[in-house]
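Quick notes on the structure that follows.
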Amino acid sequence: MKLTTKLLGLTALVGATQAQAVEMEVMHWWTSGGEAAAVAKFAEALNNNTEHTWVDGAIAGGGDVARPVMVSRIIGGDPPAAFQFNHGRQAEELIEAGLLLDLTDVAEAEGWEDIVNPPSLLDACTVDGRVYCAPVNIHSWQWLWLSNDAYEQAGVEVPTNWEEFVAAAPALREAGITPLAMGGQSWQQSGAFGVMAIALAGEEAWLAVNQDKDAEVARGEDYTRVFQAFADARDLADGLDVQDWNQATNAVIEGTAGGQIMGDWAQGEFAVAGMTAGEDYTCLPGLGNTAVLSTGGDAFYFPVTGDPEIEAAQKELAALLLSPEVQVAFNSAKGSLPIRGDVDLTTVNDCTTRGLELLAGDNVLPDGNLLLTQDTITQTNDLMTEFFNSDMSVEDVQEQYAQIIENAN
Amino acid sequence: MAIAEDAGARAAPREQTVRRPNRLLRNLWPKFALLPMIATAVVVFLGGTLWTVVYSFTSSGLLPRRNWVGLDQYDRLWSTTKWIVSIQNLALYGVFSLVFTLVIGFTLAALLDRKVRGEDVFRTIFLYPFALSFIVTGLVWQWILNPDFGIQGVVREWGWESFTFNPLNDPDIVMFGLLIAGLWQGTGLIMCIMLAGLRGIDDDIWKATRVDGIPTWKTYVQVIIPMMRPVFVTAVVLIASGIIKLYDLVVAQTSGGPGISSEVPAKYVMVSMFGAQNLGQGFAASTMMLLSVVIILIPWAYLEFGGRRRV
């Protein structure tokens with residue numbers, strides 16, 4: 001009931017007239033089992049707590065497919081009521097062009113500044129002191145998911161770091177199991193590279209490359225080690241032909257693959273399959289080498305429509321997304337971490353606990369999305385996927401990577 | 001048009017003394033009716049093209065901006081491996097697609113034209129894939145060529161364990177996986193056009209060749225095909241425009257993979273413009289696409305359509 005009161009207060013604050021029922025089309029790319037279950041919590045919350053209706057605008061195929069559709073709808077003058085982006089530099093230009101709704105009054109009324117943790121998430125939504133997006137979850141890439149069953153079949157211990165993982169690979173091969181599950185889409189291969197860079201080159205080198213765009217570090221020894229490990233991963237992943245990340249996760253769930261480097265959203269799939277962390281699967285934050293999490297995530301942005309009724313509904317939705325009940329329901333289903341430090345998740349398991357501990361201990365790094373432009377990310381994706389699917393040498397890929405970093409802004 | 005011009009030329013000396021007719025005002029109503037189309041062509045096609053070319057010299061990101069950077073975008077374009085691979089792929093796909101679509105389309109049409117029983121059924125079957133979009137085609141063939149569930153899986157289940165047919169996951173032959181799907185979708189239409197052309201051939205020609213004792217295949221190659229020249233021109237234009245536009249099939253079937261081995265220029269443009277939020281780069285790539293079309297198409301169209309009228 002606390003929520004309803006809050007919402008009533010908010011409605012009074014933003015809308016001079018009584019709020020009208022609005023059909024809100026919300027675009028997102030959450031289509032896998034765990035993701036769909038999570039987004040349904042948002043829809044439920046909106047339909048039950050307000051008179052507005054949630055019109056689901058899911059776009060299959062991941063962010064690379066969905067973002068262009070969203071951007072062209074917004075630029076084309078037919079914007080949805082709300083849309084999901086990874087917060088960071090993706091929406092930079094849309095905000096500069098004044099296409100997105102300023103949520104500062106909602107943020108102030110709801111005290112987002114005090115509740116959003118880590119604060120870098122709200123910073124990522126803020127441009128020139130104004131808040132433009134509602135962060136909904138924290139995602140971190142730095143996880144290696146291992147199938148306990150697969151290692152049992154092969155008769156080896158479940159690895160505790162990357163070196164052991166590589167060492168255990170031959171035993172898995174003998175048992176007919178592909179050691180590493182990797183989807184064919186470029187963002188997955190590039191993402192895995194990013195994880196390995198933090199885990200094997202260390203925080204400092206990673207920040208030097210991604211934050212300061214220091215190409216000399218990218219040419220250096222630390223990164224040579226990363227690229228060599230990435231070449232190992234290329235061999236380990238040979239033999240499994242899947243495209244989507246959840247198909248690769250499924251291979252780990254079924255025990256036909258040993259492990260997968262994937263963000264914590266993979267946990268939603270394990271949950272849907274009814275598996276227990278620690279018993280059926282093991283997670284290694286930072287590949288077990290460097291336990292640091294990057295704190296990216298998803299956020300909702302609200303395009304400017306010029307219609308006061310829709311605007312009021314948009315602001316209501318923004319407040320609702322960050323409310324404690326919705327945060328718990330959504331993040332429990334999705335396997336991500338809530339953006340507020342003052343709520344308890346209902347289904348805390350082994351892996352979530354480790355994530356929360358790292359978060360509380362401030363073992364966090366900004367996400368690549370916050371540091372690099374979409375252009376640089378696309379170039380990196382192309383390079384990594386080219387490397388991963390050819391016999392390109394480590395020297396070549398490292399030099400080309402350094403050049404991308406050199407030209408990045 | 002030609003007749004009208006002749007008439008004008010003949011009438012000219014007589015009217016010189018009276019009043020020179022304004023050619024723009026002749027046939028006023030048809031021209032008036034054409035105005036919307038002319039406006040569309042000028043504003044949308046020509047205007048849009050010019051705008052794109054102009055902005056390809058800027059560093060536009062997500063939104064167009066006028067920060068001039070000269071040829072920087074083109075420099076980057078031609079030093080990008082993905083673009084080079086895209087061009088090579090399109091050339092490979094283009095040559096094979098053009099040859100196979102024409103050959104298969106004509107062969108099917110010729111066979112149907114032999115007055116086979118159940119022609120309607122066959123025609124429907126062959127044309128049916130064309131009713132599907134490239135997206136559906138791509139997804140269907142993604143499954144058919146899937147190593148676990150598709151052809152390879154089925155043949156292996158039959159007992160041929162070492163059978164390997166996995167084009168979509170092999171960088172060297174992935175373009176042929178796309179080609180198969182493209183041909184499956186596109187040949188039906190070309191077959192129909194060819195069939196219409198064949199039906200337009202006078203029966204007397206067939207009778208004459210039969211009287212002369214010319215073998216059927218020779219009649220096709222030496223008499224019928226040369227007579228069907230306009231039909232082939234139409235078919236080539238349709239196929240060529242389909243090749244240049246190749247995008248959705250790739251997105252649905254391989255999304256450019258494995259790695260970057262099935263990237264095509266149109267996809268490069270789309271990804272640069274919207275995925276990478278780098279309009280300038282996308283514009284530069286699309287300008288290069290336009291340029292290549294212009295270089296090939298204009299001289300050919302001039303010879304095909306423009307030259308003959310003058311003769």
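Every chain is numbered from 1, with letters handed out A, B, ... down the list of sequences.
Heavy atoms of L94(A) lying under 4.5 Å from chain B belong to its backbone as well as its side chain. Of the two parts of V251(B), neither the backbone nor the side chain holds a non-hydrogen atom closer than 4.5 Å to a non-hydrogen atom of chain A. Of the two parts of P258(B), the backbone and the side chain both hold a non-hydrogen atom closer than 4.5 Å to a non-hydrogen atom of chain A. Of the two parts of I75(A), only the side chain, counted from C-beta on, holds a non-hydrogen atom closer than 4.5 Å to a non-hydrogen atom of chain B.
Taking the ring pair (Phe, Tyr, Trp, His ring centres under 6.0 Å) definition, one finds that Y93(B) meets it with nothing, sequence neighbours left out. Listed by chain and residue number, L90(B), M289(B), V293(B) satisfy the side-chain contact (heavy atoms from CB on, under 4.5 Å) test with I244(B) (two or more places apart in sequence, or in another chain).
Taking OG1 of T101(B) as the start and CG of L189(B) as the end, the distance is 10.5 Å to the nearest 0.5 Å. Rounded to the nearest 0.5 Å, atoms CG (L372(A)) and CG (L370(A)) are 9.5 Å apart.
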Go through M182(A) and L240(A) one step at a time and tell me if the side-chain contact (heavy atoms from CB on, under 4.5 Å) criterion holds.
-> CA-CA 8 Å; M182(A) 178 74 82; L240(A) 187 77; over 6 Å; no
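The aromatic rings of F83(A) and F85(A) lie perpendicular to each other, with more than 60° between the two planes, well past the 30° mark.
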Could you go through residues 125-137 of chain B and list every donor-acceptor pair under 3.5 Å that involves a side-chain atom there, pairing it with any protein atom two or more places apart or in another chain?
| unit_1 | atom_1 | unit_2 | atom_2 | d |
| --- | --- | --- | --- | --- |
| S133(B) | OG | I135(B) | N | 3.4 |
| S133(B) | OG | V136(B) | N | 3.3 |
| T137(B) | OG1 | S133(B) | O | 2.7 |

Enumerate, including both backbone and side-chain atoms, all donor-acceptor pairs under 3.5 Å from chain B to chain A.
| unit_1 | atom_1 | unit_2 | atom_2 | d |
| --- | --- | --- | --- | --- |
| L62(B) | N | E93(A) | OE1 | 3.0 |
| L62(B) | N | E93(A) | OE2 | 2.8 |
| L63(B) | N | E93(A) | OE1 | 3.1 |
| R65(B) | NH2 | E96(A) | OE1 | 3.1 |
| R76(B) | NH1 | D375(A) | OD2 | 3.0 |
| R76(B) | NH2 | D375(A) | OD1 | 3.1 |
| K82(B) | NZ | D382(A) | OD1 | 3.3 |
| K82(B) | NZ | D382(A) | OD2 | 2.8 |
| N166(B) | ND2 | D241(A) | OD2 | 3.3 |
| N169(B) | ND2 | D241(A) | OD2 | 3.4 |
| A276(B) | O | D375(A) | N | 3.2 |
| Q277(B) | NE2 | Q90(A) | O | 2.9 |
| N278(B) | ND2 | D375(A) | OD1 | 3.3 |
| N278(B) | ND2 | D375(A) | OD2 | 2.8 |

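C125(A) approaches A299(A) most closely through the heavy-atom pair SG-CB, 4.4 Å.
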